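Here it is, the structure, as C-alpha cells.
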Amino acid sequence: MKIFSAVLLVGWFTCTLCAYDTGFEKLYESNNHEIEDYPLIFNDTLPSWLRGTYIKNGLGRFEVGHRRFVNAFDTFAKLSSWKFPGNGSCFFSTKFVYSDFYNKSIATNDIYPDPILVGVDPPFTQKQKFAALTRRIDNMNVNIYRYYNAETKEQEYVILNDCWKLYRVEPKTLTTLQAVDAEIPEQEFEYKNVMSSAHPVPEPGTTNHIEYVTSMSLIPGIKHKVQVIRIKSTNDREQIAVFNVDELRYMHSFAVTKNYAVFFQSPYKINLEKLFMTAEAFKALEYSNTDPIEVYMVELKTGKVTHMQTENGLLMHFINAYETDNSEIITDAPVYTNINMINITMIDILHNATERNKFDVRAWLTRFIIDLKTNTIKIKKFFNSTHLPTASRIDMPTINENYRFKEYCYVYGIAKKIDDVNFGRYALAKKDLCGNTTDLVWYVENVVPTEAWFVPRPNGTSEDDGVLLSMIFDGVKLQNSLILVDPKTMKTISAAVLPIRNPATTHGRFFSDLF
Ligand SMILES: *[C@@H]1O[C@H](CO)[C@@H](O)[C@H](O)[C@H]1NC(C)=O
Ligand SMILES: *[C@@H]1O[C@H](CO)[C@@H](O)[C@H](O)[C@H]1NC(C)=O
Ligand SMILES: *[C@@H]1O[C@H](CO)[C@@H](O)[C@H](O)[C@H]1NC(C)=O
Ligand SMILES: *[C@@H]1O[C@H](CO)[C@@H](O)[C@H](O)[C@H]1NC(C)=O
Ligand SMILES: *[C@@H]1O[C@H](CO)[C@@H](O)[C@H](O)[C@H]1NC(C)=O
Ligand SMILES: *[C@@H]1O[C@H](CO)[C@@H](O)[C@H](O)[C@H]1NC(C)=O
Ligand SMILES: *[C@@H]1O[C@H](CO)[C@@H](O)[C@H](O)[C@H]1NC(C)=O
Ligand SMILES: *[C@@H]1O[C@H](CO)[C@@H](O)[C@H](O)[C@H]1NC(C)=O
Ligand SMILES: [Fe+2]
C-alpha cells in the first residue's frame with residue numbers, strides 16, 4: 001500500500017507484460033437483457049439521507065441481424081437507474097430506449113438506415129445514405145434531463161443527443177414515451193437545423209433552461225446561424241438571440257452564468273461539400289489544429305452578442321461558470337489538443353489494445369477568464385500546478401450542483417490512459433481548482449469507473465460533503481457495480497454488484513425528489 005501511494009505521487013508504474021485494462025473490450029459489446037426494480041445488496045450501509053433516483057444514459061446494443069455499427073456514438077441507447085427510497089434499499093433497472101429507430105431495426109432484424117454519425121458494416125447503399133440525410137437523428141444515447149412545465153406543473157424527463165429532437169421517458173419504469181420535435185422559434189425555410197446540445201443548462205433564478213440550435217443555410221452567400229433558445233418546457237421554446245457564423249462547427253456544450261450564455265466554437269468544422277458528396281457526417285468533419293476558438297457571449301436579458309477569440313483547442317464539457325465582483329466571467333473546461341478523443345470511438349479501435357493505445361486522449365483542465373470590461377480572454381492551465389497530474393486530465397466532469405453559477409473549488413471526473421501507455425486504464429479523480437493540494441484519485445487495477453454524480457448531504461457543511469455515485473466495470477470478474485465514494489477521501493464507502501454486465505454509459509443525473 002505504501003509503494004502504491006508513492007507511485008501515485010510520482011506517476012503511474014507500468015510494466016510491459018502486465019495487463020491493466022483486462023476486459024475493457026466488453027464495454028463495447030451488447031447486452032440485450034432488461035431488468036426492472038432488482039434489489040441490490042450493498043456490502044456496507046448506505047447514508048440514511050441518501051434518497052432519490054440516479055438515471056444514466058448509455059450504450060446497449062451494437063448490432064441487429066447481420067449488420068453492426070462501426071462507431072460507439074451510433075449504438076442503440078439503453079437507460080439504467082438506481083432508486084434509493086431512503087430506507088437503506090436500492091433498486092436497479094435497465095431498459096432500451098424504444099425509439100422509432102430501435103423499433104424499426106428490431107422489426108426488420110436489420111439496422112434501419114436512419115442518419116448516424118459514421119456507418120454500419122456491411123454499409124448502407126448510397127441511396128439509403130442520401131435518404132437518411134433528409135431525416136433527423138433518432139437515437140438519444142447521450143444524456144437525460146428534466147424540464148419543468150409551468151402550465152401543467154409537471155416535471156418532464158427527456159433524453160437527448162446532439163440534436164434538437166428528443167424523447168420523453170417515464171423515469172420510474174424507464175419506459176419510452178413519445179418523440180418531441182419542438183417548433184423552432186423564427187425558423188425560416190432557407191435554413192435546415194443541424195445541431196443542438198445534449199447539455200442544456202438551467203437559467204439561473206428560473207425554471208427555464210438555455211439551449212442552442214445551429215441552422216445551416218441552404219442558399220450560397222447567406223450565412224449559417226446559431227439561435228440561442230430559452231426552453232420553457234419540452235414543447236415551448238423562445239429565441240433569446242441569434243448570431244451568424246461563416247462555418248458550421250460542432251459544439252458539444254456551453255457555459256451559462258447569471259447574466260450570460262457563452263459559446264465556444266472549437267474549429268471542428270462540417271465541410272458541407274464533403275457532406276453532400278459522401279452523405280457521411282463523420283467524413284465531413286474536419287478539425288484544425290491551428291485555428292482559434294470563436295467565442296460568442298450572449299447577454300440573456302437583452303440578447304446582445306459579443307464576439308471574441310481564444311487559442312486553438314477542442315472543448316467538450318464545460319464544468320461550471322460564474323461571474324465575479326471584478327466584472328469577469330470564469331469558466332472551466334477540459335481542453336483537448338487534437339481530435340483523438342472523437343476518432344477513438346471507432347469500435348474496432350476500442351476492441352484492439354494495440355490500436356487504442358496509439359491514441360493520445362488526455363484532456364487538460366483549463367480556466368477561461370473573460371474580462372467584461374475589455375472583452376478579452378485570459379487562460380489559466382491547471383495541469384502544471386499540481387502534484388498529481390492525473391487529477392488535471394479529467395473529463396466527464398461533475399460538481400456539487402449547489403455551487404453551479406457560484407465560486408467553487410471541486411470537480412470530479414474521469415481520467416483515461418493515466419499511465420500514458422494503456423488507453424483503458426481509467427481513474428476517477430477529484431481536482432481542487434482553488435489551488436490547495438487536496439487533489440485525490442480513486443483507482444483500482446482493471447476496473448473502469450464511469451462518470452460520477454455528486455449527491456450533496458442535506459445541510460452539508462462543505463462543498464465536498466456528500467457522496468459520489470459511480471458505476472464501475474471490473475474487467476477481470478466481468479461485472480458491474482455501483483459504488484459510493486466519499487468525496488473527502490475518494491475512498492469507497494459501499495458497493496453493490498449489478499445483476500448484469502452493462503456496456504459503456506454516457507451521461508446521467510440524480511433526481512433527489514424522485515423515488
Ligand atoms: C424500502 O422502501 C421500498 C419502497 O417503498 C420497499 O419496497 C422496501 O421493501 C423497503 N425496504 C425496507 C428494508 O424497508
Ligand atoms: C416501440 O415499440 C414499443 C412496443 O414494443 C412501443 O411501446 C413504443 O411506443 C414504440 N416506440 C415508438 C417511438 O413508437
Ligand atoms: C479522424 O477520423 C477521420 C474519419 O475517419 C479521418 O478523416 C481523420 O483523418 C482522422 N484524424 C486523425 C487526426 O486521425
Ligand atoms: C490489433 O491491431 C494490430 C495492429 O495494430 C494487429 O496486428 C492485430 O492483429 C489486431 N488484433 C486483433 C485481435 O485484431
Ligand atoms: C506543462 O507541462 C508540460 C509537461 O510537463 C510541458 O510540456 C508544457 O509546456 C507545460 N505547459 C505550460 C503551459 O507550462
Ligand atoms: C485553501 O487554503 C487557504 C489557505 O490555507 C484557505 O483560506 C482556503 O479556504 C482553502 N480552500 C479550500 C477550498 O480548502
Ligand atoms: C436541515 O436543516 C433544516 C433547518 O435547519 C431542518 O429542518 C432539516 O430537518 C435538516 N435536514 C436534515 C436532513 O438534517
Ligand atoms: C465493498 O466492495 C468494494 C468494491 O468491491 C470494496 O472496495 C470494499 O472494500 C467493500 N467493503 C466492505 C465493507 O466489504
Ligand atoms: Fe457530453
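Quick caveat: nothing in here was measured; it's all calculated off a predicted structure. Counting starts at 1 for both ligands and their atoms, in listed order.
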(request) Under 4.0 Å from a heavy atom of Glu355: give me the atoms of ligand 4 that qualify, with their elements. (result) 2 (O), 4 (C), 5 (O)
(message) Please report whether ligand 3 has a polar contact with Asn343, defined as an N or O pair separated by less than 3.5 Å (distance criterion only).
(response) yes
(request) Give a yes/no verdict on whether any heavy atom in His351 is under 4.0 Å from an atom of ligand 4. (result) no
(message) Determine whether any protein heavy atom is located less than 4.0 Å from atom 11 (N) of ligand 3.
(response) yes
(request) Answer yes or no: are there more than 12 heavy-atom neighbours, outside Lys488 itself, under 6.0 Å from its atom NZ? (result) yes
(request) May I ask you to test the Ser481-Leu40 pair for a side-chain heavy-atom distance under 4.5 Å? (result) no
(request) Fit a plane to each ring of Phe454 and Tyr412, take the angle between them on a 0 to 90° scale, and name the class: parallel (under 30°), tilted (30 to 60°) or perpendicular (over 60°). (result) parallel
(message) To check your reading of the model: name the closest protein heavy atom to atom 5 (O) of ligand 8, its residue, and the distance in Å.
(response) Ala495 CB, 4.4 Å
(request) Could you tell me whether Lys225 sits above the aromatic face of Tyr191, with NZ or CZ closer than 6.0 angstrom to the six-membered ring centre and within 45 degrees of the axis? (result) yes
(message) Can you report which non-hydrogen protein atom sits closest to atom 14 (O) of ligand 4, along with the distance?
(response) Asn352 ND2, 3.6 Å
(message) Given the ring of Tyr250, does Lys269 sit roughly above its face, with NZ or CZ under 6.0 Å from the centre of the six-membered ring and within 45° of the axis?
(response) no
(message) Can you confirm if the NZ or CZ of Arg425 lies within 45° of the ring axis of Tyr20 and under 6.0 Å from the centre of its six-membered ring?
(response) yes
(message) Protein heavy atoms near atom 7 (O) of ligand 4, is at least one of them under 4.0 angstrom away?
(response) no
(request) Using distance alone, with no hydrogens and no angle criterion, decide if Asp395 and Tyr336 have a side-chain donor and acceptor under 3.5 Å apart. (result) yes
(request) Return the residue, atom name and 0.1 Å-rounded distance of the protein heavy atom closest to atom 4 (C) of ligand 3. (result) Phe282 CE2, 3.5 Å
(request) Number the atoms of ligand 3 from 1 as they appear, then name those within less than 4.0 Å of a heavy atom of Ile339, with their elements. (result) 11 (N), 12 (C), 13 (C)
(request) Would you check if the side chain of Asn43 reaches a backbone N or O of Ala496 as a donor-acceptor pair within less than 3.5 Å? (result) no
(message) Within the protein, is there a heavy atom lying under 4.0 Å from atom 2 (O) of ligand 3?
(response) yes
(message) I need the atoms of ligand 4 closer than 4.0 Å to a non-hydrogen atom of Lys358, numbered in the order shown.
(response) 5 (O)
(request) Provide, to 0.1 Å, the distance between atom 13 (C) of ligand 8 and the closest protein heavy atom, together with that atom's residue and name. (result) Asn43 O, 3.7 Å
